[in-house]
Amino acid sequence: MTRNPARWCRARLAVFGEGNTLTTLRDGDLVCISAGGLRGVAAELAHLLIAEVGADGWQIAVGRAHPGLPGLAASLDEARNTLDHAAKLGFTTPVLNAADLLVFPVLLRDRDAITDLVTTVLGPLTNARGGAQPYLDTLTVLFDNQGNYTATARQMHLSVRAVTYRLDRIHDLTGYHPGEPTQRFTLHAAVLGARLLGWPSPDDT
């Protein structure tokens with residue numbers, strides 16, 4: 001890309017009309033502010049970036065629209081937090097909307113509560129041979145695939161039997177199984193919390 005990415009971005013977003021977008025660099029990030037109600041800016045920018053630099057090495061986060069100058073700051077904070085959460089959760093989609101990830105700030109708002117949930121529900125996995133990480137990875141992929149065992153096995157390069165064994169072992173250790181509707185939400189929330197907290201850390205194993 002050009003040495004002046006903000007100027008490059010402004011030139012290519014001129015299609016939305018002069019004065020409808022403002023682009024600048026801030027703390028190493030390319031920030032684009034668009035007029036309220038203007039749609040399609042993020043998708044167009046993603047299309048341009050893919051054509052210019054390829055699909056890897058960048059993501060666009062879109063903060064919600066808020067009124068006034070304080071709203072601009074709030075939207076920017078939302079976008080940055082969205083990128084941070086996406087990195088921790090392994091989300092790789094090119095365009096991320098803060099409105100779609102509102103559950104994660106809620107989870108982290110009471111850090112003590114989410115830490116307690118993670119350690120209570122998933123803590124027994126640290127006693128398994130090989131530690132908690134293989135089981136946490138299995139749950140992560142399973143939930144990402146909407147509970148589909150075959151897709152989970154394929155993505156993890158395991159047999160369906162191996163995935164089933166891991167899930168049964170999780171049930172034996174924790175008392176929770178993702179196949180039980182009453183337990184699925186608690187287990188999923190704990191897995192998301194673990195990913196946001198970076199659990200397990202070396203001290204947890």
Side-chain angles (χ1 to χ4, degrees), residues 1-115 118 136-137 139-141 143-146 151 155 188-199 201:
M1 188 185 289
T2 174
R3 293 182 180 180
N4 192 327
R7 182 181 298 172
W8 175 88
C9 183
R10 282 195 297 270
R12 281 150 183 80
L13 292 181
V15 64
F16 290 98
E18 187 175 354
N20 284 329
T21 62
L22 173 65
T23 307
T24 187
L25 287 173
R26 181 173 178 179
D27 298 331
D29 294 327
L30 182 62
V31 178
C32 180
I33 301 168
S34 64
L38 189 64
R39 299 182 180 275
V41 175
E44 179 65 17
L45 184 55
H47 174 75
L48 293 169
L49 286 170
I50 289 173
E52 182 75 13
V53 299
D56 298 325
W58 57 268
Q59 278 182 304
I60 297 171
V62 184
R64 291 177 297 166
H66 300 283
L69 290 177
L72 289 177
S75 183
L76 178 59
D77 286 342
E78 283 184 349
R80 284 179 167 165
N81 288 335
T82 296
L83 288 174
D84 182 55
H85 294 152
K88 291 176 180 177
L89 294 163
F91 294 166
T92 58
T93 184
V95 180
L96 300 157
N97 289 287
D100 296 335
L101 278 72
L102 288 177
V103 66
F104 302 114
V106 171
L107 285 174
L108 290 176
R109 195 163 294 152
D110 190 338
R111 196 176 185 90
D112 289 340
I114 193 63
T115 300
V118 170
L136 184 62
D137 291 343
L139 288 170
T140 297
V141 177
F143 288 129
D144 287 347
N145 284 286
Q146 292 78 49
Q155 185 172 334
H188 196 182
V191 169
L192 291 172
R195 293 165 74 178
L196 289 169
L197 295 173
W199 185 94
S201 68

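Computed over heavy atoms, backbone and side chain alike; hydrogens, waters and symmetry mates excluded.
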- Heavy-atom closest pair (A194 atom, V118 atom, distance to 0.1 Å) is N-CG2, 3.5 Å

- Note on the structure: Between Q59 and F91, the two heavy atoms sitting closest are NE2-O, 2.9 Å

- Message: Suppose we screen for side chain to side chain contact (heavy atoms under 4.5 Å, CB included). Which residues come up paired with A79, at least two apart in sequence or across chains?
- Response: A61

- Message: Please report the interatomic distance CG(L196) to CG(L108), rounded to the nearest 0.5 Å.
- Response: 4.5 Å

- Message: Using a 3.5 Å distance criterion without hydrogens, assess whether the side chain of H47 forms a donor-acceptor pair with backbone atoms of A43.
- Response: no

- Note on the structure: Those residues at least two apart in sequence (or on a different chain) that pass salt bridge (Lys or Arg N to Asp or Glu O under 4.0 Å) with D137 are none

- Pairing residues for Q155 by the side chain to side chain donor-acceptor pair (under 3.5 Å) criterion, not counting sequence neighbours: N145

- Name all residues meeting the side chain to side chain contact (heavy atoms under 4.5 Å, CB included) criterion together with A74; count only those two or more places apart in sequence or in a different chain, and write none if there are none. H66

- When rounded to the nearest 0.5 Å, the distance separating CD of E44 from OG of S34 is 12.5 Å

- Side chains of L107 and L192 in contact at under 4.5 Å (non-hydrogen atoms): yes

- Task: Walk me through it: do V62 and V41 pass the test side chain to side chain contact (heavy atoms under 4.5 Å, CB included)?
- Result: CA-CA 10 Å; V62 184; V41 175; over 6 Å; no

- Message: Tell me every residue that passes salt bridge (Lys or Arg N to Asp or Glu O under 4.0 Å) with R64, counting only those two or more places apart in sequence or in another chain.
- Response: E78

- Do W199 and T115 come close enough that some side-chain heavy atom pair is under 4.5 Å? no

- Just grab all the salt bridge (charged side-chain N to carboxylate O under 4.0 Å, His left out) pairs involving residues 84-99, residues at least two apart or on different chains. D84-K88

- Note on the structure: Residue set satisfying salt bridge (Lys or Arg N to Asp or Glu O under 4.0 Å) with D29, at least two apart, ordered chain then number -> R80

- Quick one: CG on L49 to CG on L30, what's the gap to the nearest 0.5 Å? 7.5 Å

- Message: Tell me every residue that passes side chain to side chain contact (heavy atoms under 4.5 Å, CB included) with A190, counting only those two or more places apart in sequence or in another chain.
- Response: L117, V121, L122

Atom pairs and distances, side-chain donor-acceptor, residues 93-106, under 3.5 Å, sequence neighbours left out:
none

- Query: Which pairs, with at least one residue in residues 101-113 and sequence neighbours excluded, count as a salt bridge (charged side-chain N to carboxylate O under 4.0 Å, His left out)?
  - Reply: none

- Task: Not counting sequence neighbours, which residues clear side chain to side chain contact (heavy atoms under 4.5 Å, CB included) with L22? List them please.
- Result: I33

- Item | For R195, all residues meeting salt bridge (Lys or Arg N to Asp or Glu O under 4.0 Å), sequence neighbours excluded | D144

